[in-house]
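Report on the structure given below.
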Amino acid sequence: MEKKTVIHWFRKGLRIHDNPALLAAIEEAVKSSSALRPIFILDPLILTWMRVGPNRWRFLQQSLDQLNENLTKIGSKLYVIRGTPENVFKRIFKDWNISYITYEYDTEPYAKRRDALIEQLAHEANIRIESEISHTIYNTQLVIKKNGGKAPLTMQKFLSVVDSMSKPPIPVPAPTKIPEICKPTLDSFEKENPHCYDCPTLLELKVNEKNLNACKFPGGETEALNRLNKILLKKSWICNFEKPNTSSNSLEPSTTVLSPYLKFGCLSSRLFYYEINKIISGQKHSKPPVSLIGQLMWREFYYTVSSDTPNFDKMVGNPICCQVPWDTNEKHLEAWTYGKTGYPFIDAIMRQLRQEGWIHHLARHAVACFLTRGDLWISWEEGLKVFDELLLDSDWALNAGNWMWLSASAFFHQFFRVYSPVAFGKKTDKFGDYIKKYVPELNKYPVDYIYEPWKAPLSVQTKAGCLIGKDYPKRIVIHEDVYKVNISKMSLAYKNNKTNDNNKQKGESSKESEPAAKKMKKVSKSTNTTKSDSKKSKQTSLTKFLKK
DNA sequence: GGAGCAGTTGGTGCA
DNA sequence: CTGCACCAACTGCTC
């Protein structure tokens with residue numbers, strides 16, 4: 001009989017620092033003189049259905065490599081096991097004589113289902129299983145409890161709730177040397193194939209290295225800590241940080257780019273939180289929601305709301321999401337996705353996203369507004385899918401939450417504030433250097449036309465070697481026309497939502513009211529000017545009110 | 001229950 | 001260059 005084995009199961013949390021579940025596993029292994037096997041499960045099926053672009057596969061591959069390195073340094077290693085979690089556990093329950101399993105708690109619905117299944121299996125096999133909270137700074141369930149059983153739906157409310165709670169747990173140190181006695185022997189698979197638990201290569205992850213761009217943000221815990229430590233040196237920058245004042249289109253990132261490391265858990269959000277707090281305490285400093293701590297609080301906020309909201313990543317069946325009759329337009333969606341809208345600022349952002357896997361938060365605002373309520377009137381769920389594929393930091397809760405925010409579907413409601421695909425970028429890059437970098441076909445354009453190349457006279461276009469409509473697309477919509485129509489469509493969607501909500505509350509059948517989508521089509525044809533339309537709607541709501 | 005205010009990050013035009 | 005009113009007018013929260 002194989003000697004007893006203790007498992008720590010890595011999923012997110014790809015680090016050894018501030019990893020309480022890993023520490024618990026080590027402690028148990030030492031105490032019971034068991035073998036310690038830290039594992040990561042690589043499900044080959046996921047390679048076929050998950051929306052993960054090559055940049056993020058590379059980031060994961062690098063993160064696993066560094067995790068294995070860091071585990072090796074303390075006398076262990078990472079066992080990467082191929083298969084579905086269910087099949088993998090069924091097999092190792094038998095082969096490894098497992099007595100105890102630990103993992104980091106995960107709030108995502110997919111993860112909750114997965115973990116419930118494994119907990120059930122462990123229970124049936126009489127194996128102890130324990131999870132620790134360390135992906136978020138706060139325990140999301142406690143935040144919800146403190147707020148009366150519901151997730152706070154505004155940032156201010158969230159901040160007041162966490163302020164009234166006790167300070168979050170202090171990060172735990174990384175483990176040091178693991179005793180020899182906890183070293184596992186080779187199992188029968190390893191005897192046949194000594195490399196069967198090795199970290200995956202890019203080839204195994206079906207990434208064609210030839211298609212990859214230069215790696216700007218390498219994955220892994222060591223990279224994460226190096227990046228954090230460099231930032232921590234900039235004390236006055238940290239104290240003065242205000243997100244809205246950072247640039248969406250500088251040639252090098254104007255923010256920390258720690259998000260991919262937080263997403264995979266290469267960096268502990270609690271460590272980041274405590275290190276920043278150390279620096280700002282006793283100093284004059286910016287405050288949430290715009291400060292660096294505020295950025296972490298936004299992450300907590302979305303994690304908390306998403307854990308408490310059904311269908312959080314969808315419009316239909318999502319109780320906090322405004323139901324909007326978005327259009328489908330394959331051509332426009334494709335133009336947006338590949339950076340061919342004819343708006344250089346928008347296209348530069350979308351191309352940077354595809355190449356590098358990271359774009360500034362405000363750049364995300366500009367393209368998200370453009371896709372949804374601003375210009376194209378396409379569902380935020382389509383944008384979410386593209387971001388999910390291409391972002392290194394794509395995080396289920398944050399991605400859906402921010403898409404709802406930008407499309408004014410939840411959290412944010414001032415839908416009449418629309419980003420201009422021309423004016424917004426000019427504020428921080430008046431010469432268009434960012435555009436020239438990512439949309440190189442325009443790099444000979446004079447500064448007067450770089451944001452609006454369709455305005456360039458033919459002679460200028462010829463001289464710059466780039467004809468609009470041939471070498472660079474003609475803009476696919478006229479922003480100054482469509483955004484006004486879209487504002488009034490949004491206004492109507494809000495009104496319909498309100499009536500539907502009221503009907504629901506009264507317990508009336510919603511079938512009686514005309515479906516929102518039908519109403520919308522009628523109106524969008526007749527909306528020429530915002531003024532007359534909104535006056536009309538004001539009147540109708542007033543008469544309705546008087547009739548009551 | 002209604003008024004008033006605030007809400008991480010809009011754009012434009014004018015003083 | 002900065003500050004401000006205006007655009008038309010949203011929701012959630014507080015009092």
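Below, read A as the first sequence line, B as the second, and so on, with proteins coming before strands; counting in each chain starts at 1.
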| task | Would you check if the distance from the ring center of Tyr303(A) to the ring center of His135(A) is below 6.0 Å? | result | yes
| query | dG7(B) C1' sits how many Å from His365(A) NE2, rounded? | reply | 13 Å
| message | Strictly by Watson-Crick or wobble contacts shorter than 3.5 Å, is anything paired with dT12(B), and which nucleotide is it? | response | dA5(C)
| Integer-rounded Å distance: dT12(B) C1' and Arg417(A) CZ | 14 Å
| task | Using a heavy-atom cut-off of under 4.0 Å over every strand shown, decide if Gln156(A) touches base, sugar-phosphate, or nothing. | result | sugar-phosphate
| Does the side chain of Glu104(A) pick up a donor-acceptor pair with the side chain of Ser134(A) at under 3.5 Å? | yes
| message | Under 4.0 Å, counting only non-hydrogen atoms across every strand here, what does Phe424(A) touch: a base, just sugar-phosphate, or nothing? | response | sugar-phosphate
| task | Send over the distance from Asn486(A) CG to dG11(B) P, rounded to a whole Å. | result | 16 Å
| remark: Checking dG11(B), dT8(B), dT14(C) against the side chain of Lys157(A) (C-beta onward), the nearest is dT14(C)
| message | Using ring centroids (six-membered ring only for Trp), state whether Trp396(A) and Tyr302(A) fall under 6.0 Å. | response | no
| task | For nucleotides dA3(B) and dA8(C), find the distance between their P atoms and express it as a whole number of Å. | result | 22 Å
| query | Quick one: is Lys427(A) getting a side-chain N or O under 4.0 Å of the dG11(B) phosphate, OP1 or OP2? | reply | yes
| query | Which nucleotide, dT8(B), dC13(C), dT11(C), lies nearest any side-chain atom of His413(A)? | reply | dT11(C)
| Spacing of Leu159(A) atom CG relative to dA6(B) atom P, expressed in whole Å | 17 Å
| task | Write down the distance separating the P atoms in dT8(B) and dT14(C), rounded off to the nearest Å. | result | 13 Å
| field | Whole-Å gap separating P (dT12(B)) and OH (Tyr483(A)) | value | 7 Å
| field | Which residue lies more 5' along DNA chain C, comparing Tyr494(A) with Lys430(A) via nearest heavy atoms | value | Lys430(A)
| note | Here the gap from Asn311(A) atom CG to Asp313(A) atom CG, rounded to the nearest 0.5 Å, amounts to 7.5 Å
| Whom does dA3(B) pair with, Watson-Crick or G-U wobble, provided both distances fall under 3.5 Å? | dT14(C)
| query | If only side-chain N and O atoms of Lys498(A) are considered, is one of them under 4.0 Å from the OP1 or OP2 phosphate oxygen of dT11(C)? | reply | yes
| What's the NZ-C1' distance between Lys484(A) and dG11(B), to the nearest Å? | 11 Å
| query | Would the Tyr261(A) and Phe59(A) ring centres measure less than 6.0 Å apart? | reply | yes
| For Trp298(A) and dT8(B), do the ring centres fall under 5.5 Å apart while the planes stay under 30° apart? | yes
| message | I need the CZ-P distance between Phe416(A) and dA8(C), as an integer number of Å. | response | 11 Å
| note | Out of dG10(B), dT14(C), dT8(B), minimum distance to the side chain of Gln295(A) belongs to dT8(B)
| Separation of atom CZ in Phe301(A) from atom C1' in dT8(B), rounded to whole Å | 11 Å
| task | State whether a side-chain donor-acceptor pair under 3.5 Å links Asp375(A) with Tyr343(A). | result | no
| message | Measuring from the side chain of Tyr419(A) (C-beta onward, heavy atoms only), which nucleotide among dC13(C), dG10(B), dT8(B) has the closest atom? | response | dG10(B)
